[in-house]
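For reference, the structure discussed in these notes is given below.
Every value quoted in this text rests on a predicted model; they were computed, and no experiment measured them. Throughout, protein chains are lettered first and strands after them, A, B, ... in sequence-line order, and every chain is numbered starting at 1.
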There are 2 protein chains.
Amino acid sequence: MEDINYIKENRLEDTGFAYTLKLISGKYKMQTLYAISLNQGPLRYNELKRLLTPISFKSLANTLRELEAAKLIYRKEYPKIPPKVEYGLTKLGESLIPVLDAICTWGEKQMK
Amino acid sequence: MEDINYIKENRLEDTGFAYTLKLISGKYKMQTLYAISLNQGPLRYNELKRLLTPISFKSLANTLRELEAAKLIYRKEYPKIPPKVEYGLTKLGESLIPVLDAICTWGEKQMK
DNA sequence: CAGAATCCTGCGCGATACTG
DNA sequence: CAGTATCGCGCAGGATTCTG
């Protein structure tokens, strides 16, 4: 009944569904989160760049900034030469991984 | 180890994850599937148009065609005047709903 | 090494009009 | 009612260059 109302009242955009999509939609956001998860630990800027090939520097920077703003990843800077920056999942980001895993699992089933 | 290899070999794109995303990425694809699911039954063209506001006719037509090509929805035409066409979830499409539900649930938790 | 800055491009998507 | 056809554009994303 709740769901029915949502949809009847044309407010799909007020559901948690739309809320989540707003945070993770974009060409590389989910891939970025998933790459960090698969690595089982934080990744450096250039590692992400390589893993997300063919992403551009600009897209990567944007993606990381937006994910950080959404508190899904954290950015840790090591002030030294040469510079080193790591990106890892926050608790919030980790809580999203089961969802991404479900996406992966579903795909694996269909592939064979 | 499998996962590690995937990521080390820069083949995130060969995972089930990428496979799934290819089918459901696009501005309105997941929303379309979810709307049909929430309705607990097939929806007509104009109903979808309304529910997915502010989608355009062109985007809606494209979205429906691509989802149908991916066998996630079916199209049923009633040959009569006035025309009536229904779009519903296939078995494959239904199998994806738990994943979309997970996305919704996650969002609901964060909203409060 | 990790970006910022700049300029450029495609195309996903929208708006509108038309049709069986 | 359920779509196509046409035209046009914003903006996400790309390519390249520069810097602390």
Side-chain angles (χ1 to χ4, degrees), chain A residues 10 12-13 18 20-36 39 41-70 72-89, chain B residues 8 10 12-13 18 21-36 39 41-70 72-89:
Chain A
N10 196 10
L12 192 55
E13 65 229 54
T20 305
L21 287 189
K22 213 178 297 183
L23 295 185
I24 61 177
S25 66
K27 193 167 178 180
Y28 293 105
K29 282 196 190 150
M30 297 169 85
Q31 285 92 327
T32 300
L33 294 171
Y34 206 54
I36 300 176
N39 190 59
L43 283 166
R44 300 180 62 170
Y45 188 80
N46 275 328
E47 291 176 320
L48 281 166
K49 172 82 166 70
R50 187 172 49 77
L51 293 170
L52 298 175
T53 299
I55 197 173
S56 67
F57 285 113
K58 183 183 169 186
S59 277
L60 179 57
N62 270 339
T63 299
L64 291 172
R65 231 180 291 122
E66 290 174 27
L67 288 176
E68 192 189 359
L72 292 171
I73 65 174
Y74 65 85
R75 178 183 187 279
K76 182 168 185 190
E77 190 172 348
Y78 298 84
K80 61 176 186 180
I81 306 291
K84 175 180 174 183
V85 181
E86 279 182 352
Y87 294 91
L89 296 174
Chain B
K8 285 252 156 94
N10 196 12
L12 192 55
E13 63 229 56
L21 287 190
K22 212 178 297 180
L23 295 185
I24 61 175
S25 67
K27 191 166 179 182
Y28 293 105
K29 282 197 191 149
M30 297 170 85
Q31 286 92 327
T32 300
L33 293 172
Y34 206 53
I36 300 176
N39 190 58
L43 283 166
R44 301 180 62 168
Y45 187 82
N46 275 329
E47 289 175 323
L48 281 166
K49 173 82 168 70
R50 187 172 48 79
L51 292 170
L52 298 174
T53 300
I55 198 173
S56 66
F57 285 114
K58 183 182 168 186
S59 277
L60 179 57
N62 271 338
T63 299
L64 292 172
R65 233 180 288 126
E66 290 173 26
L67 288 176
E68 192 188 0
L72 291 171
I73 65 173
Y74 66 84
R75 177 182 188 279
K76 183 169 184 189
E77 191 172 346
Y78 298 84
K80 60 176 188 180
I81 306 292
K84 175 179 173 182
V85 179
E86 278 182 351
Y87 294 92
L89 296 174

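- Summarising the geometry of A/Thr53 relative to B/Glu13, their closest heavy-atom pair is O-OE1, 4.3 Å, with the distance given to 0.1 Å.
- Contact detail for B/Tyr28 and B/Leu52: the closest heavy-atom pair is CE2-O, 3.8 Å.
- One atom, NZ of B/Lys22, and another, P of C/dG12, lie 15 Å apart when rounded to the nearest Å.
- Whole-Å rounding puts the A/Arg65 CZ to C/dA4 C1' distance at 9 Å.
- Annotation for A/Ile55 and A/Lys49: closest pair O-NZ, 3.1 Å, computed over non-hydrogen atoms.
- Taking only side-chain nitrogens and oxygens, A/Arg44 never comes nearer than 4.0 Å to OP1 or OP2 of C/dC1.
- Residue pairs meeting the salt bridge (Lys or Arg N to Asp or Glu O under 4.0 Å) criterion with at least one partner in residues 54-63 of chain A, sequence neighbours excluded, are absent.
- Side-chain contact check for B/Thr63 versus B/Leu48: every heavy-atom pair is 4.5 Å or farther apart.
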How would nucleotides 14-20 of chain C be written as a contact map, 5' to 3', with B for base contact, S for sugar-phosphate-only contact and - for no contact, using protein heavy atoms under 4.0 Å?
-> B-----B

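- Per the geometry, CD belonging to A/Glu86 stands 15 Å off P belonging to C/dC1, to the nearest Å.
- Residues satisfying the side-chain contact (heavy atoms from CB on, under 4.5 Å) test with B/Ala70, not counting sequence neighbours, are B/Leu23, B/Leu72.
- The two atoms that bring B/Leu51 and A/Leu12 nearest to each other are O-CB, 4.5 Å, heavy atoms only.
- Heavy atoms of B/Tyr78 sit nowhere under 4.0 angstrom from any nucleic acid atom.
- By the salt bridge (charged side-chain N to carboxylate O under 4.0 Å, His left out) test, A/Lys29 pairs with A/Glu66, sequence neighbours left out.
- Protein chain A touches strand DNA chain D; the 5'-most and 3'-most nucleotides with an atom under 4.0 angstrom of its non-hydrogen atoms are D/dG13 to D/dG20.
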Residues 78-85 of chain A, side-chain donor-acceptor partners within the protein, below 3.5 Å, at least two apart:
residue	atom	partner	partner atom	Å
A/Tyr78	OH	A/Glu86	OE1	3.1

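- The heavy-atom pair separating A/Tyr45 from A/Phe57 by the smallest distance is OH-O, 3.5 Å.
- With sequence neighbours excluded, the residues forming a salt bridge (charged side-chain N to carboxylate O under 4.0 Å, His left out) with A/Arg75 are A/Glu77, listed by chain and number.
- Summary of helix geometry: the two end axes of the helix from C/dC1-D/dG20 to C/dG20-D/dC1, each defined by five base pairs via their C1' atoms, are inclined to each other by 50° (rounded to 10°).
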